[in-house]
Amino acid sequence: MKALYPGSFDPLTLGHLDLIQRGSRIFDQVVVAVLDNPAKSPTFSLQRRMEQIRASIKQIDGAAVCSFNGLTVDCAKSNNADLILRGLRAMSDFEYELQIAHTNRSLDKSIETIFLATDTHHSFLSSSVVKEVATYGGEIRHMVPEIVANDLELIYKNTN
Ligand code: ADP
């Protein structure tokens with residue numbers, strides 16, 4: 001089975017990475033699909049987000065990265081993925097995730113959405129929280145892979 005794990009990953013956190021790791025133990029392949037949506041004005045370019053992910057998943061068998069800018073179900077189809085993988089941190093994620101899952105299912109019934117519950121160590125983590133901590137010079141190395149921590153420190157060092 002091949003899973004597509006779509007998201008903004010702006011940037012990748014250890015919570016995302018944990019989901020990729022656990023997903024790859026369940027599925028033969030996990031393709032991390034990075035959303036290319038310039039309208040969202042991402043902190044990191046699509047290229048840099050993909051580099052951060054590529055460097056962080058090197059040791060994970062069956063994990064790969066791609067980009068997309070249309071419908072998630074179209075990306076899943078073009079990658080021959082059997083399912084969409086998403087993470088659930090708390091009840092607050094649930095309503096939004098359920099709405100997306102129903103929307104995607106209404107577009108293509110052949111692609112199921114599977115949720116993995118976040119590891120409790122990472123349930124407080126989001127890309128935006130990490131960026132906020134980095135903005136004020138707080139410790140982020142327990143929240144993101146090394147390459148991301150280095151990038152964030154570079155960006156925010158110059159704004160403090
Ligand atoms: P999106 O903009 O699509 O929400 P994100 O990059 O924020 O993209 O998240 C992508 C997926 O990863 C979502 O399913 C989200 O619930 C999940 N996710 C986000 N943060 C974590 C975390 N700390 N642990 C596990 N999964 C997470």
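Ligands are counted one by one from 1 in listed order, and the atoms in each one are counted from 1 as well. For this chain, numbers begin at 1 and follow the sequence in order. Just so you know, these numbers use all the heavy atoms, side chains as well, and skip hydrogens, waters and symmetry mates.
A donor-acceptor distance shorter than 3.5 angstrom exists from the side chain of Lys2 to the backbone of Asn79, with no hydrogens or angles considered. Listed for the Arg22 side chain is a donor-acceptor partner under 3.5 Å among the backbone atoms of Ala117. Ser127 places no side-chain N or O within 3.5 Å of a backbone atom of Phe9 that could act as its donor or acceptor partner. With hydrogens and angles ignored, the 3.5 Å screen pairs no side-chain donor or acceptor of Arg54 with any backbone N or O of Arg49.
For the residue pair Arg141 and Asn150, a side-chain donor N or O sits within less than 3.5 Å of a side-chain acceptor on the partner.
Summary of contacts: the protein heavy atom closest to atom 6 (O) of ligand 1 is Phe9 N, 2.9 Å. Given atom 16 (O) of ligand 1, the protein heavy atom at minimum distance is Gly87 O, 2.6 Å. Among all protein heavy atoms, the one lying closest to atom 25 (C) of ligand 1 is Thr118 OG1, 3.2 Å. Nearest protein heavy-atom neighbour of atom 7 (O) of ligand 1: His16 NE2, 4.2 Å. Arg89 CD, 3.7 Å is the protein heavy atom nearest to atom 21 (C) of ligand 1. In terms of protein heavy-atom proximity, atom 4 (O) of ligand 1 is nearest to Arg86 NH2, 3.6 Å. The protein heavy-atom contact nearest to atom 17 (C) of ligand 1 is Tyr5 OH, 3.5 Å.
The side chain to side chain contact (heavy atoms under 4.5 Å, CB included) with Cys75 is formed by just one residue from the set Pro6, Cys66, Ser67; it is Cys66.
In terms of N/O distances under 3.5 Å, ligand 1 is approached by Leu125. Taking any N or O of His122, backbone or side chain, at least one lies under 3.5 Å from an N or O belonging to ligand 1.
Look at Lys40 and you'll find a heavy atom under 4.0 Å from some atom of ligand 1. Ligand 1 is approached by Pro6 to a heavy-atom distance shorter than 4.0 Å.
In this comparison of Gly15, Ser8, Ala90, the heavy atom closest to atom 22 (C) of ligand 1 sits on Gly15.
In summary, the atoms of ligand 1 found under 4.0 Å from a heavy atom of Glu97, numbered by their order in the structure, are 13 (C), 14 (O), 16 (O).
Here the closest non-hydrogen pair linking Ala3 and Phe27 is CB-CD1, 3.7 Å.
Around CD of Glu95, the count of heavy atoms belonging to other residues, nucleotides or ligands within 6.0 Å does not exceed 12.
Listed by first and then second residue, the salt bridge (charged side-chain N to carboxylate O under 4.0 Å, His left out) pairs that reach into residues 120-133 are Asp10-Lys131, sequence neighbours excluded.
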